[in-house]
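Working notes for the structure below.
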Amino acid sequence: QVQLVESGGGLVQPGGSLRLSCAASGFTLDNHAIGWFRQAPGKEREGVLCIEINNRTAYSANSVKGRFTISRDNAKNTVYLQMNSLKPEDTAVYYCATDPIPTRYGCHGQKDFALWGQGTRVTVSS
């Protein structure tokens, strides 16, 4: 079964850190651009960060620049979102997504990503 599974969410205090994982099964991530997205309560889903096949990264949300980074470990078939200096406004459900067809869409085409995980909830609160 082709799927993405996010993990690593939880409750963290402002200023804290979390690392989210996006693990693929049924296919290998190394030929796919992977995007992280988030949806806060009452808001539309927004792109956060994306990583290309060649590991170039693209920020979709200016608010996370300097605080969030994205990386991939092809040996573990997993993409990570490292989140530092977390703020209450980072509270959201975080999703990873990709195009199920390898190499078709890079990060510039992430709006067309059709394979999504179930999400992991991040709450930043004291």
Side-chain angles (χ1 to χ4, degrees):
Q1 183 180 2
V2 174
Q3 62 178 355
L4 295 171
V5 178
E6 302 95 335
S7 62
L11 173 64
V12 62
Q13 292 186 343
S17 297
L18 281 176
R19 188 177 76 161
L20 306 184
S21 299
C22 171
S25 61
F27 72 106
T28 57
L29 287 176
D30 54 356
N31 285 326
H32 296 258
I34 307 294
W36 280 99
F37 301 79
R38 66 185 181 184
Q39 187 165 20
K43 295 187 177 181
E44 293 188 354
R45 187 175 64 202
E46 65 171 348
V48 178
L49 266 169
C50 185
I51 187 166
E52 302 279 12
I53 294 171
N54 64 4
N55 291 329
R56 286 188 63 185
T57 61
Y59 283 95
S60 300
N62 289 329
S63 62
V64 307
K65 286 184 179 179
R67 301 188 298 122
F68 290 12
T69 57
I70 189 171
S71 62
R72 65 165 79 226
D73 185 337
N74 289 334
K76 295 183 178 180
N77 214 25
T78 300
V79 170
Y80 302 100
L81 182 67
Q82 178 67 44
M83 306 187 296
N84 300 326
S85 303
L86 283 161
K87 304 176 181 181
E89 52 264 42
D90 295 317
T91 295
V93 178
Y94 284 73
Y95 303 88
C96 60
T98 189
D99 180 18
I101 297 176
T103 74
R104 180 171 67 171
Y105 292 134
C107 291
H108 67 282
Q110 59 183 300
K111 62 178 173 51
D112 294 317
F113 286 176
L115 179 62
W116 292 78
Q118 84 291 346
T120 185
R121 185 175 300 275
V122 172
T123 302
V124 185
S125 175
S126 55

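Only this structure's heavy atoms are used, side chains among them; waters, hydrogens and symmetry mates stay out.
At most 12 heavy atoms of other shown residues, nucleotides or ligands fall within 6.0 angstrom of atom CZ in Arg56.
Within the structure, disulfide bond (SG atoms under 2.5 Å apart) contacts touching residues 52-126 (residues at least two apart or in different chains) are Cys22-Cys96, Cys50-Cys107. Within the structure, the ring-ring contact (aromatic ring centres under 6.0 Å, His included) test picks out no pair touching residues 57-99 (sequence neighbours left out).
Across Ile53 and Asn31, no two heavy atoms sit closer than the pair CD1-O, 3.3 Å. Heavy atoms only, all atoms of each residue included: Val79 and Arg72 are closest at CG2-CB, 3.8 Å. Between Leu115 and Leu4, the shortest heavy-atom contact is O-CD1, 3.5 Å. When all heavy atoms of His108 and Glu52 are compared, the pair lying nearest together is N-OE2, 4.4 Å. For the residue pair Val2 and Gly26, the shortest heavy atom distance occurs at CG2-O, 3.8 Å. Closest approach of Ser63 to Arg38, counting heavy atoms only: OG-NH2, 3.3 Å.
Here CD1 of Ile51 is found 11.5 Å from OG1 of Thr98. Values are rounded to the nearest 0.5 Å. Taken to the nearest 0.5 Å, the CD atom of Glu46 stands 9.0 Å off from the OG atom of Ser60. Distance OG1/Thr69 to CH2/Trp36: 12.0 Å, rounded to 0.5 Å. Between the CG atom in Leu49 and the CG atom in Leu81 there is a gap of 6.0 Å [rounded to 0.5 Å]. Of the inter-residue distances, the one linking Asp90 atom CG with Ser125 atom OG reads 12.5 Å to the nearest 0.5 angstrom. Atom CD of residue Gln82 and atom CG of residue Leu20 lie 8.5 Å apart, to the nearest 0.5 angstrom.
With sequence neighbours left out, the ring-ring contact (aromatic ring centres under 6.0 Å, His included) criterion links Phe37 to Trp116. With sequence neighbours excluded, the residues that form a ring-ring contact (aromatic ring centres under 6.0 Å, His included) with Phe27 are His32. Residues passing the side chain to side chain donor-acceptor pair (under 3.5 Å) test with Thr28, sequence neighbours excluded: Asp30. In this view, Ser85 and Arg67 satisfy the side chain to side chain contact (heavy atoms under 4.5 Å, CB included) rule, not counting sequence neighbours.
Side chain of Ser21 to backbone of Glu6: no donor-acceptor contact under 3.5 angstrom is found. In this structure, the side chain of Asp73 does not engage the main chain of Thr78 through any donor-acceptor pair within 3.5 Å. Between the side chain of Thr91 and the backbone N or O of Val124, at least one donor-acceptor pair lies under 3.5 Å. Using a distance-only test at 3.5 Å, with no hydrogens or angles considered, no donor-acceptor pair links the side chain of Arg104 to the main chain of Asp99. Checked by atom type and distance alone, the side chain of Gln118 never pairs as donor or acceptor with a backbone atom of Val5 at under 3.5 Å. Under a 3.5 Å cut-off, the side chain of Asn84 and the backbone N or O of Ser17 do not form any donor-acceptor pair.
The shortest side-chain heavy-atom distance between Met83 and Val122 falls under the 4.5 Å cut-off.
Note on Phe113: it does not cluster hydrophobically with Ile34, by side-chain heavy-atom contacts below 4.5 Å among ILVMFWY residues.
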